[in-house]
Amino acid sequence: MSANIGPRGVAVPTQLWLGTRQASSNGGTFPVINPATEQMLAEVADATSADWQHALDLADAAQTEWASVPPRRKQEILYEVFTQVTERAQDFADVMTAEMGKPVAEALGEVAYGAEYFRWFAEEAVRIPGRMAAAPAGNGTILVTRDPVGPVLAITPWNFPLAMATRKIAPALAAGCPIIVKPAAETPLTMLLLGEVIANAFRKFGVPEGVVSIVTTTDAAGLSSELMSDPRLRKITFTGSTPVGRLLVKQSAEHLQRASMELGGNAPFVVAADADLDLVLGCALQAKLRNGGQACIAANRFLVDESIAEAFVERLTEHMSGFTLGDGFDEGTKLGPVITATQRDRIATLVEDALAKGATATTGGSVPEGPGYFYPATVLVNLPENSAILSEEIFGPVATVTTFKTLEEGVERANATPFGLAAYGFSENVHTAQYLAQHLKAGMVGINRGAISDPAAPFGGIKASGYGREGGTEGIEEYLSPRYIAWT
Ligand code: NAD
């Protein structure tokens, strides 16, 4: 079964992937909505307990055989997936734009970024490190090797329907772990298309059945609690909100499953007096409006030295007011819809709260006529400290600008959040830049950069933004357990 998606009618499978086989579910189907039109795009299988139990049976049965596939072979298989996703970049981009709303050009960017995790971890598959050392007491040798942790459950959000999953699937496979993927119910189609690509690649190489399963469902809580109560599952890797992350960490305690948590953010964007405003502007637009602000590393709070704040706001307002709203397939659209009516209303409520408390919108600030879940690019200034929007993750195209008198004050306010995912700092002075790099408290700090994601770098946070890293040489460690062998 398949649905034709987007203007080119890309055929996307709508059933579950239990290994390389498609399967319907006794749970029926659920609809996928295009957020730009509010029209239904497709109905996809709504998995039940029997389906995810089957996926875990398959993953468990495949564990030993997959782990023993030579690293070079794993590299070739992962590289094949990279190649096939890249060849079908336009198909993936169309599906993402249809189900998630981002403009096609941005969707193509995500395909390149998401596919790159397969290439990067193909390269890592043949470089899994070990260690050998003389025991200090002189009584033998310390040998350290690495084993795959075992079957993995990945739960992913809707904002980057491809990349948030590939950064989990690729390292799990490279490490030798089978994986079950549960995509967000808002955006299951991209993953179901990836399931087709993976099935093609796996058949070509004769990969054991059940190494990757893709289970779409509206019962995320049922799936995670049942699978995590099974000791055969050895790892949970999650990207999503902090409350759900906390719940999953609690559930992982029962069988002490390994956990990686990529959670919410509240990124500060600190602009020092000696920053290059042209550079800052370009980076601000990237950090704020990429994906319509629906990114965990999106700049949430602009903190600007008071001596340059007026010039910054004037130019930011001019640029942001030029971000034309529209369907991601329409030429000229620079800003797509947000994902759901609920998200749009949440953003509108945060803005209204700030305006009611005395803030000013220099552009945007109100919900346009539908259809479609649109919210305009908005700049807020004169924000009272008690505005909820300064402490909550906005997850939308709204920039808040406040000022500071000294850099120390700016950094202190930047760090005054329970989150610690990304932070951005801007200065042309090497000492100031160094100060920002060292003192901004986050898992990732961009210095004079508005785009920081890179499959070759460790992505992840501290504090309420979670733990664990995705990408880089660190990313594969999340799926490996060290084995110490005391050798003679
Ligand atoms: P969400 O936590 O509601 O949903 C994320 C995923 O968890 C979805 O697949 C959902 O179906 C599933 N889920 C929901 N309730 C569950 C439960 N009780 N048990 C198991 N699974 C459950 O988050 P969202 O609103 O879809 O995504 C936005 C959030 O994700 C933001 O807070 C954002 O910052 C965060 N995010 C973080 C990163 C990162 O790398 N740190 C990246 C992207 C998004």
Side-chain angles (χ1 to χ4, degrees), residues 30 32 35 44 46-47 52 99-100 102 110 113-114 117 153-168 180-188 190-191 214-229 233 236-252 257 259-267 290-300 338-340 342-344 346-347 392-396 417-423 442-444 452-455 457-471 475 478:
F30 65 91
V32 184
V44 304
D46 195 357
W52 53 73
E99 68 176 347
M100 189 270 160
K102 68 185 79 182
E110 184 184 339
Y113 172 62
Y117 282 97
L153 170 62
I155 300 182
T156 57
W158 46 261
N159 57 346
F160 294 96
L162 183 68
M164 294 302 108
T166 60
R167 50 162 70 179
K168 301 178 185 333
I180 301 165
V181 184
K182 200 237 44 99
E186 294 84 352
T187 57
T190 304
M191 247 336 84
I214 294 167
V215 182
T216 50
T217 183
T218 51
D219 186 9
L223 175 143
S224 70
S225 62
E226 276 189 37
L227 288 183
M228 292 177 73
S229 67
L233 188 86
I236 169 80
T237 170
F238 173 72
T239 298
S241 59
T242 297
V244 175
R246 283 200 180 98
L247 182 80
L248 294 174
V249 169
K250 282 184 191 147
Q251 287 176 3
S252 73
Q257 281 129 346
S260 302
M261 294 289 142
E262 299 287 355
L263 309 178
N266 185 356
R290 192 170 71 108
N291 222 38
Q294 301 172 109
C296 50
I297 57 170
N300 218 51
V338 299
I339 188 73
T340 56
T342 311
Q343 280 290 109
R344 180 201 52 203
R346 204 186 51 78
I347 297 164
E392 286 189 29
E393 190 178 26
I394 303 170
F395 236 61
T417 163
F419 296 99
L421 190 59
M444 297 170 281
I452 58 174
S453 297
D454 188 329
F459 188 107
I462 58 171
K463 305 197 289 179
S465 295
Y467 45 72
R469 292 295 180 268
E470 295 188 318
E478 305 282 324

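Read the numbers this way: they start at 1 and go in the same order the structure lists the ligands and their atoms. Fair warning: this is a prediction, and the values are worked out from it, not measured in the lab.
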Looking at [X] and [Y], what are the two nearest heavy atoms and their distance?
X	Y	result
Phe419	Ser465	CB-OG, 3.5 Å
Glu99	Pro188	OE1-N, 3.2 Å
Thr156	Pro183	OG1-CA, 3.4 Å
Ala267	Ile297	CB-O, 4.0 Å
Trp158	Ala184	N-CB, 3.6 Å
Asn291	Asn159	ND2-O, 2.9 Å

When you measure from the side chain of Thr340 to the backbone N and O of Gln343, does any donor-acceptor pair fall under 3.5 Å?
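The answer is yes, because a donor-acceptor pair under 3.5 Å joins these two groups.
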
Checking Glu478 against Thr237 for the side chain to side chain contact (heavy atoms under 4.5 Å, CB included) test, could you report, in this order, the C-alpha distance in whole Å, the side-chain angles of both residues, the deciding distance, and whether it holds?
CA-CA 9 Å; Glu478 305 282 324; Thr237 170; over 6 Å; no

Should you measure from each heavy atom of [X], which atoms of ligand 1 turn up under 4.0 Å away?
X	result
Leu263	34 (O), 37 (C), 38 (C), 39 (C), 41 (N)
Thr239	5 (C), 36 (N), 37 (C), 38 (C), 39 (C), 40 (O), 42 (C), 43 (C), 44 (C)
Leu247	18 (N)
Ala184	9 (O)

Which one of Ile394, Thr417, Leu421 satisfies the side chain to side chain contact (heavy atoms under 4.5 Å, CB included) criterion with Asn300?
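Of all the options given, the one that passes is Ile394.
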
Set out, in order, the CA-CA distance, both residues' side-chain angles and the distance that settles side chain to side chain contact (heavy atoms under 4.5 Å, CB included) for Phe160 and Lys102, then state yes or no.
CA-CA 10 Å; Phe160 294 96; Lys102 68 185 79 182; 3.5 Å; yes

Under 4.0 Å from atom 4 (O) of ligand 1, is there any protein heavy atom?
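Given the 4.0 Å limit, the answer for atom 4 (O) of ligand 1 is no, no protein heavy atom qualifies.
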
Minimum-distance protein heavy atom relative to [atom]:
atom	answer
atom 16 (C) of ligand 1	Val244 CG1, 3.5 Å
atom 7 (O) of ligand 1	Phe238 CE1, 3.2 Å
atom 44 (C) of ligand 1	Asn159 ND2, 3.3 Å
atom 24 (P) of ligand 1	Trp158 NE1, 3.6 Å
atom 19 (N) of ligand 1	Ser224 OG, 3.3 Å
atom 36 (N) of ligand 1	Cys296 CB, 3.5 Å
atom 11 (O) of ligand 1	Lys182 NZ, 2.9 Å
atom 9 (O) of ligand 1	Thr156 O, 2.6 Å

Going by distance only, is there an N or O of [X] that falls short of 3.5 Å from an N or O of ligand 1?
X	value
Thr242	no
Ser465	no
Leu421	no

Distance only, no hydrogens: is a donor on one side chain within 3.5 Å (strictly under) of an acceptor on the other, for Glu470 and Ser260?
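There is no such pair between these side chains.
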
For ligand 1, which part of [X] has a heavy atom less than 4.0 Å away: the side chain, the backbone, both, or neither?
X	answer
Met164	side chain
Leu223	neither
Glu186	neither
Phe395	side chain

Of the listed options Ala163, Ser241, Pro188, closest to atom 1 (P) of ligand 1 (non-hydrogen atoms)
Ser241

Passing option when Thr239 is tested against Lys168, Arg167, Glu262 for side chain to side chain donor-acceptor pair (under 3.5 Å)
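Going through Lys168, Arg167, Glu262 one by one, the side chain to side chain donor-acceptor pair (under 3.5 Å) with Thr239 is satisfied by Lys168 alone.
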
Side chain to side chain contact (heavy atoms under 4.5 Å, CB included) for Arg290 and Ser453? Distances and angles first, verdict last.
CA-CA 12 Å; Arg290 192 170 71 108; Ser453 297; 4.0 Å; yes

